[in-house]
Asker: 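Before I ask anything, let me first share the structure, which is written out below as structure tokens.
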Amino acid sequence: MSALAARSATAAAPVIAVEGLAKSFGPVEVLKDIRFDLRPGEVQAIIGENGAGKSTLMKILAGHLQPTAGTIRLGGEPVKLAGPVDAEHRGIVLVHQEILLAPDLTVAQNIHLGREVRRGLTLDDKAMNRSAREALDGLGAAIDPRAVVGSLSIAQRQLVQIARALLVPHRIVIFDEPTASLTPHETEALLKVIDDIRRRGVGVLYISHRLPEVKLLADRVTVLRDGRLVGTYEAADLQPADMARLMVGRDVSKLYPDRAAHAAGKPILEVEAMRVPGYVRSASFTLGKGEILGFAGLVGAGRTELLEGILGLRAAEGSVRLDGRPVRFSDARASMDAGIVYLSEDRKGKGLLLQQNLRTNLTLAALDRFTRGALLSPAREEEALTGAIRDFDIRTRRRDLLAGQLSGGNQQKLLLAKMMLLDPRIVVIDEPTRGIDIGTKEQIYRFVAKLADDGKSVIVISSEMPELIGVCDRIIVMREGLVAGEVSGAAMNEREIVMLTTGAGEKEAALAVEGTGP
Amino acid sequence: MKKIVIGLAALALASAAGFAQAQEQKQLTMAVSIPAADHGWTGGVVYHAEREAKLLEERYPGLDIVVKTSPDGAAQANALEDLTAQGIDALVTLPHNSDELTDPIRQVKDSGVFVTVVDRALSDPTIQDLYVAGDNFGLGKHAGEYMKERMTEGGDIVIIRGLPIVIDEERQKGFDEGIAGSKLNVLDRQFGNWSRDDAFKVMQDYLAKYPKIDAVWAQDDDMVVGILEAIEQSGRSDIQFVVGGAGMKDMIKRVQDGDKMVPVDVLYPPAMIATAMDLTAAGLFDQNPVRGNYVLDATLVTQENAAEFYYPDSPF
Amino acid sequence: MSDAATTSATPPAPRREIDLRAVAPFVALAALLVFGALVNPNFLGIDNLTNVITRSAFIAVIAVGATFVISAGGLDLSVGSMAAFVAGTMILFLNAAPVEGGVPMIALAMLLALGVGALCGLANGLITTVGRIEPFIVTLGTMGIYRALTIWLAEGGSIAMASRDLRAAYRPVYFGDVFGVPIPVLVILAVAAIGAFVLYRTRFGRHVMAVGSNEDVARYSGIKVDRVRTITYVIQGLCVAIAVLVYVPRLGAATATTGLLWELQAITAVVIGGTALRGGVGRIWGTICGALILELVGNIMVLSDLVSEYLIGAVQGAIIIVAMLIQRSLARR
């Protein structure tokens, strides 16, 4: 992979070039005077903070939105993209950031949705399953084309979506944060796929928050900030830290907060032989006061399910002791009352009511604090919102927006604020920075560190190893429903963790598995 | 609960009877297929069918009667198939709707079953061995004639019809003929769906629309209940009387008691189903000649003869 | 997911839009009133309008309950049958006359009706939540059950109040008035006011909206989803019972046709009022407005001489669709 970045694109005529591109929603200017070009066989990364206008730019290029001003040239010809279908006909395909699949249909049916293969009047399921399997194999994804999409993990769905996009003839492929929900292994496979696409002479636009990945893959990097172009640079000339600086407009080389080495406080949460049917065979761990404990593992290792099981969000059995006393939580209310909150990785599906306003979302879990008797006090809720916007730096132009209208980073801050209203002693955060820009990441890391400094305990579940290593005091690694091992201190490095997550760690891993087995 | 127990017992008896039938030649089965009780009159039909079934089974020990109610035409067609499959000797049916059920009943007939049709004649009258009905045309005509005689000086009347089906049309035609040549002026006619609630609303609206109404004709006694309530609420005294039809016991009682608002009623008795079952059984067992058409008079009930038609135990 | 939603570049949203959405049903109602006045001058008479508002009471009150159920993402098709069943049991109780005196007797019967309604609603709620069955199927089933029980109680006929004295004592609850305002109208106002208070101003109401918006988010926020859902069905049952309290004194009887198709009218009123069928948005006053619109449409049809009586259904349908179009086009602005 390291060879990838060395390949510099030839100076061929650009497949697509834009000039003076602008987009406004009503009075709000989202993009202004954007100019760049993409050459065939080039991977160009578009980077910028959430809200910098990357997604809007991509949607314009894919025909989902019409620009307010500016020109788009395809192969030198000025074009007007009438809609996504038109853009697709012209060879531009967009791999969406969100999963846009029908959950009740199979993988093959989704991949062929709207372009079904027919034999006479009937559908040719065999042919569709075959071509879907080929497409998925090409991505290195072992997914059964006949599986129902609803039964797949988010990462698998993402791959299905990519397979679907690549099925049409294309000369430009736009990836909108394709690796946001992928594990390192899956990411590596995907980067190879993208490299293959580049070798075929296709132009690739690549949006990502993962700057090391950008450094590895991209030929050139275009940076946006606040809807304006900062510049286009040769990737070879930039280090990730430089990219971050260009994006944020200030130095953010120190992403992770300094933390004094913590003597583990007295155990506050002790979990023993926890079993979550279908996900976790057996898991035991303890969490100390003021500790930040990480959970690493591949998607499907059972990390999310383990914590959800402990907190009463799904059926589970095993022993849980809080402050030494045995507890059993029947639902989220019970664990919240005990002072434990859980921030789901699925912010849009389980964290926030996207169709409701910020105030409703903020106070939902802690409504008791905003009532007199049974009566709500909107004034006190508004006060709380003011406080949350200030304390958590939620960036919103208006207070009466719906939660779904916030950017991902601000949604995460709102979710944090919501759960902090419960004044918890233990905070569980699942994928705290998925799909979030670097500036917000830094804020969230600092917040997590501060929680621990204040004597609260934090559990961080994450697929990003640098994040776990940078933030946590100790990391538990899970594999296939078991605790595969634990790393802390000097052993807290990527190599060690990868060995445990993948089972490549020979003896240690094997021992750990046996030690906690049922 | 008690009902359920009785129902189960009846089921057990019925199957026992079916078993007995295999051994004894004289056993005969009569199926009765009628609409479910969706308003007062059909409720009366169900009541009388079940009552008559018990009486007949006592009178003819070899007779087994299956009463089956259906909520709509399609369900009734299915019920007819099921009944035929069980093996029946005679069918007494009050079809939901003539056109829809003519063919299903023809199939029953073709399997050699004696067919008695009640109230609503089939599109092809050759199918029915026996036809028992009330006089729909007469119901309208007698009501119209009564109004014509009562209001020789003329007057303004409003009409509340039932549902747009054949019965309704016949009654309407009869009424129009009944008042023909009079000075009566029909202000309005609307559908009240044979429902008390709907008739109440329509009457309220009539009262708002017309400053003077002399009399009301409604096709059914159920609707008269709603009409009277609406008139009472309005406090208006211009409405002299209301004429209904069917012979609901509350209305017969009012006629008997000399209620000024309900001076008469026109009979269209739900008990006609009992008449039909009785005749059919007589034909089956006693071999009396019964084939033909029986039209029951739409008798005008007045204070003088009301006692004759008052059944305090009937639900209708 | 709308295109703009994922970028921070969201279109300026909408205090004004929200207001319009809430006002839209009232605009449709006003348009209908103008139309009615043009069709027949008697339409705007106090007596006529009072009649129409009064008789919209059943649907309006039931629809307030339906607003709760639908806001929480549920559906109740059994309300019409339930009304007939509650009315039937109430009248049978009155006829059995277990206690002395008209007023205590009626008061007791009212309590019984509320109890039966709440139990019917509880049954719907528990089967839906504990049994994890689609509410459409559950309430379709109980719709048949309540209807059949009514017919069984009535032995196929009707259940009428036997005592003329009781009937006379109870009658004013539908036909009476307080300072010229008919009692059923007061009932509508009271039920709607309480409903709006509960839905907009209490913790429970907020939970209803959250459950209807996204069940998972509600669950992860520590809301007892099943309990909230079940209570909405109990509220629906109570609203049905309250409607029955006003219905019984009108005609003093329950028949096989009592409450027929009320479920569809109630749902229509809720939707015309601006509540989303998918849940998460509830508008109590809009619902009342929707119930009035439905009743007015029927009234205007009888008062007009525009079309033959055979075509009235078609015109009613058309007017409802037009009212919806006015509502939606305003809401979209």
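Computed from a predicted model, the values in this text were never measured in an experiment. Residue numbering restarts at 1 for every chain, and letters A, B, ... go by the order of the sequence lines.
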Asker: Search all heavy atoms of B:D188 against all heavy atoms of C:V302 and return the closest pair with its distance.
Answerer: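 Nearest heavy atoms, B:D188 then C:V302: OD2-O, 4.0 Å.
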
Asker: For C:N299 and B:Q204, which I'm curious about, is there any donor-acceptor pair between the side chains at under 3.5 Å?
Answerer: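 Distance-only check fails for C:N299 and B:Q204.
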
Asker: Return a table of donor-acceptor pairs under 3.5 angstrom between the side chains of residues 260-268 of chain C and protein atoms on other chains or two or more places apart.
Answerer:
{"unit_1": "C:E263", "atom_1": "OE1", "unit_2": "C:G80", "atom_2": "N", "d": "3.4"}
{"unit_1": "C:T268", "atom_1": "OG1", "unit_2": "C:L264", "atom_2": "O", "d": "2.6"}

Asker: What option among C:N48, C:L251, C:T257 has the most heavy-atom pairs under 4.5 Å with chain B?
Answerer: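 With the most close heavy-atom pairs to chain B, the winner is C:L251.
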
Asker: Any Lys/Arg nitrogen of B:R161 or B:D168 sitting under 4.0 Å from an Asp/Glu carboxylate oxygen of the other?
Answerer: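 Result for this pair is yes, salt bridge flagged.
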
Asker: For residues 241-253 of chain B, run the donor-acceptor check on the side chains, cut-off 3.5 Å, and write out each pair with its distance to 0.1 Å, sequence neighbours left out.
Answerer:
{"unit_1": "B:K249", "atom_1": "NZ", "unit_2": "B:P312", "atom_2": "O", "d": "3.2"}
{"unit_1": "B:K249", "atom_1": "NZ", "unit_2": "B:S314", "atom_2": "O", "d": "2.7"}
{"unit_1": "B:K253", "atom_1": "NZ", "unit_2": "B:D257", "atom_2": "OD2", "d": "3.1"}

Asker: Under 4.0 Å between a side-chain nitrogen and a carboxylate oxygen: does that hold for B:D265 and B:R254?
Answerer: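 Salt bridge flag = no for B:R254 with B:D265.
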
Asker: Can you confirm whether the side chains of B:Q76 and B:E100 place a donor and an acceptor under 3.5 Å from each other?
Answerer: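 There is no such pair between these side chains.
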
Asker: Between atom CD1 of B:I231 and atom OH of B:Y206, what is the distance when rounded to the nearest 0.5 Å?
Answerer: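 Between B:I231 CD1 and B:Y206 OH, I get 12.0 Å after rounding to 0.5 Å.
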
Asker: Less than 4.5 Å apart, side chain to side chain, heavy atoms only: is that true for C:L49 and C:N51?
Answerer: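 No, too far: nothing below the 4.5 Å cut-off.
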
Asker: Heavy atoms only, distances under 4.5 angstrom: which of B:F200, B:Y210, B:W194 has the most pairs with chain C? Name it, please.
Answerer: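 Of B:F200, B:Y210, B:W194, B:F200 has the most heavy-atom pairs under 4.5 Å with chain C.
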
Asker: Any carboxylate oxygen within less than 4.0 angstrom of a Lys/Arg side-chain nitrogen, looking at B:R196 and B:E229?
Answerer: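 Result for this pair is no, no salt bridge flagged.
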
Asker: Which atoms of B:E50 come close to chain C, meaning under 4.5 Å heavy atom to heavy atom: side chain ones, backbone ones, both, or neither?
Answerer: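 No part of it gets close to chain C.
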
Asker: Using only non-hydrogen atoms and a strict under-4.5 angstrom cutoff, which residues of residues 30-40 of chain C touch chain B?
Answerer: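 C:N40, listed by number.
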
Asker: Just by distance, no angles: are the side chains of C:D76 and C:Q236 close enough, under 3.5 Å, to form a donor-acceptor pair?
Answerer: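 No, C:Q236 and C:D76 have no side-chain donor paired with an acceptor closer than 3.5 Å.
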
Asker: Heavy-atom distance under 4.5 Å to chain B: side chain of C:Y247, backbone, both or neither?
Answerer: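 The answer is the side chain of C:Y247.
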
Asker: Which residues in residues 166-175 of chain C have any heavy atom closer than 4.5 Å to a heavy atom of chain B?
Answerer: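 Within residues 166-175 of chain C, near chain B: C:R167, C:R171, C:Y174, C:F175.
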
